[in-house]
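Here is the structure we will look at, set down as structure tokens.
Counting from 1, the numbers follow the sequence of the chain as shown.
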Amino acid sequence: MRMDRSCNAQRFFLRALVFFLSLRAHQALSSKRARALNNTVSAIFVFGDSTVDPGNNNYVRTVFKSDFPPYGRDFPNGVPTGRFTNGRLATDYIASYIGIKDYVPPYLEPSLSFEDLKTGVSFASAGSGYDPLTAKLSNVVSLPNQLEYFKEYKNTTHHINKAVFLVSAGTNDFVINYFTVPIRRQSFTVATYQQFLLQNVKDLIKGLCEEGARRIAVVGLPPMGCLPLMITLNSRNAVLQRGCMDQYSSVARDYNALLQTELASMQSSLATQGSRFYYADIYQPLSDMIQRSPSYGFDQALSGCCGTGLLEAAFMCNPKSFVCPDASRYVFWDSIHPTEKTYHLLFQSLRPVVDAVIQD
């Protein structure tokens, strides 16, 4: 995606203006938020795809948007913020738990306050991935461009001391790109494509470290064969005999194992810089929610709450769509994205990782 320099200059000026106008008001306020483990985390910065995009795509020319009902139905005041779920994301729960803020805002939101900027933002863009082609297919913000936005942010605020960084991407590289569009399959086997993605993960982490990031958590892939959309598109009888497809989930398991190895290797090589890297597992907890759904209070684990739950996502899940009355009974909100309840459960499963990241 090509970045518009004039828009960037305007945004830089507005952010700088907001910074100075808000500084005195901010200094007059004292934060009394409870902080987990008495942490001293200054901000949270998020990169990735729709799992952590709180609304950046609202300001991007793409069909991958969710700033309309029924998205956001259970968010405060029922606002469709651009989050691809009915309420909050896991990153919102993480920020609240740390004690920074209740919600992580999108960086491209033009009216961000000084406090919003100071305590961190999300640069994530729904539909993006580690493969540059993935973002091009969806016309969204690529991860290299998200890193460029972060550099722009630094020029505005210079505030990354003791910040934590979270990266969540990779699913679209397989679901939207490799398994759906034949371009990459002509050049890569699954194994070599995994290595290609991991090299891009390493490049992103190194880029963040060069900009001062020291505490970085990288989220692994979910059980892709259990996503309602993947079941619908690849099952022989997707309506009457729905079940997880292990040939796709096994790709995620293999990738996650390789990712953990790469993060451990980078930890060894960059430890002298004070860098700390963490693997955040969502595969096992999400798989358990799906396989033992009644134990978590779910009635439906393999189709979404919106529409038929088989195909609908983004513009296909819209104000005219039928929506289930109680999303908390569903693992998935649409055919790809979890419900707010699922995100909260994932946050709870990630608490040990979050605790490790935020400790000094």
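A donor-acceptor pair under 3.5 Å links the side-chain atoms of S349 to the main chain of L346, judged by distance alone. Using modelled atom types, no side-chain atom of K101 and backbone atom of A43 make a donor-acceptor pair closer than 3.5 Å. A donor-acceptor contact shorter than 3.5 Å is absent between the side chain of D334 and the backbone of G304. The closest donor-acceptor contact from the side chain of S335 to the backbone of G309 lies at 3.5 Å or more, if one exists at all. Between the side chain of T232 and the main chain of A238, no donor-acceptor pair closer than 3.5 Å is present. In this structure a side-chain-to-backbone donor-acceptor pair under 3.5 Å is present from Q267 to S275. Side-chain atoms of N57 never come within 3.5 Å of backbone atoms of V140 as a donor-acceptor pair (strictly under, hydrogens ignored). The closest donor-acceptor contact from the side chain of R236 to the backbone of Q241 lies at 3.5 Å or more, if one exists at all.
In this structure, a donor-acceptor pair under 3.5 Å is absent between the side chains of D53 and S125. Between the side chains of T62 and N139, no donor-acceptor pair is found at a separation under 3.5 Å. Side-chain contact check for R83 and T81: at least one donor-acceptor pair (N or O, by modelled atom type) lies under 3.5 Å. In the model, D246 has no side-chain atom that pairs as donor or acceptor with a side-chain atom of S249 under 3.5 Å. Looking at T308 and E312, their side chains do bring a donor and an acceptor atom within 3.5 Å of each other.
Proximity of R214 to C209: side-chain heavy atoms (C-beta onward) are separated by under 4.5 Å at one or more points. Between T51 and V219 the shortest side-chain heavy-atom distance does not fall below 4.5 Å. Residues Y330 and C324 form a side-chain contact, since some pair of their non-hydrogen atoms from C-beta on lies under 4.5 Å apart. Side-chain contact check for L112 versus V121: some heavy-atom pair is nearer than 4.5 Å. Side-chain contact between V41 and R35 is present, with at least one heavy-atom pair separated by less than 4.5 Å. Looking only at side-chain heavy atoms (C-beta outward), N58 and L108 stay at 4.5 Å or farther from each other. Counting heavy atoms from C-beta outward, F75 and R88 have side chains that approach closer than 4.5 Å. Counting heavy atoms from C-beta on, the side chains of P70 and C317 come closer than 4.5 Å.
A search for salt bridge (Lys or Arg N to Asp or Glu O under 4.0 Å) contacts involving D288 returns R292, not counting sequence neighbours. With sequence neighbours excluded, the residues that form a side-chain contact (heavy atoms from CB on, under 4.5 Å) with P338 are T342, Y343. For S50, the side-chain contact (heavy atoms from CB on, under 4.5 Å) partners are F84, A126, H337, not counting sequence neighbours. Remark: R184 engages D131 in a salt bridge (Lys or Arg N to Asp or Glu O under 4.0 Å) (not counting sequence neighbours). Considering only residues two or more places apart in sequence or on other chains, C244 meets the disulfide (SG to SG under 2.5 Å) condition with C226. The side-chain contact (heavy atoms from CB on, under 4.5 Å) search around T180 returns none, not counting sequence neighbours. Taking the salt bridge (Lys or Arg N to Asp or Glu O under 4.0 Å) definition, one finds that K162 meets it with nothing, sequence neighbours left out. Take N234 and apply the side-chain contact (heavy atoms from CB on, under 4.5 Å) test, not counting sequence neighbours, and it matches M230, M245, Y248.
Within the hydrophobic cluster formed by Ile, Leu, Val, Met, Phe, Trp and Tyr side chains joined at under 4.5 Å, directly or through other members, V181 is accompanied by L133, L137, I183.
Below 30°, between 30° and 60°, or above 60°: for Y107 and F123 the angle between ring planes is between 30° and 60°, a tilted geometry. Ring-plane geometry between F45 and F165 is classed as tilted, the angle between the planes lying from 30 to 60 degrees on a 0 to 90 degree scale.
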With salt bridge (charged side-chain N to carboxylate O under 4.0 Å, His left out) as the criterion, how do K118 and E115 come out once you've worked through the C-alpha distance, each side chain's angles and the decisive distance to 0.1 Å?
CA-CA 5 Å; K118 179 179 179 293; E115 182 65 18; 5.2 Å; no
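Of all heavy-atom pairs between V104 and D92, the closest is N-OD1, 2.9 Å. The shortest non-hydrogen separation linking Q194 to L258 is OE1-CD1, 3.8 Å. Contact record, L302 with R242: O-NH2, 2.8 Å, taken as the closest heavy-atom pair. The nearest pair of heavy atoms linking S142 to S128 is CA-OG, 3.5 Å. In terms of heavy atoms, F332 sits closest to T339 at C-CG2, 3.4 Å. Closest non-hydrogen pair, F347 versus A90, comes out as CB-O, 4.5 Å.
For the pair K341 and D74, the salt-bridge criterion is not met [side-chain N within less than 4.0 Å of a carboxylate O].
Among residues at least two apart or in separate chains, there is no disulfide bond (SG atoms under 2.5 Å apart) pair with a member in residues 252-297. Pairs of residues two or more places apart, or lying in two chains, never qualify as ring-ring contact (aromatic ring centres under 6.0 Å, His included) while including a residue from residues 269-309.
Note: F174 and Y193 meet the aromatic proximity criterion, with ring centroids under 6.0 Å apart. Under the 6.0 Å cut-off for aromatic ring centres, Y130 and Y255 do not qualify, their centroids lying 6.0 Å or more apart. Taking the six-membered ring for Trp and the full ring otherwise, the centers of Y178 and F188 sit at least 6.0 Å from each other.
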Side chains of residues 352-360: which donor-acceptor pairs under 3.5 Å do they make with residues two or more places apart or in other chains?
residue	atom	partner	partner atom	Å
D355	OD1	Y97	OH	2.6
D360	OD1	T40	OG1	3.1
D360	OD2	T40	OG1	2.9

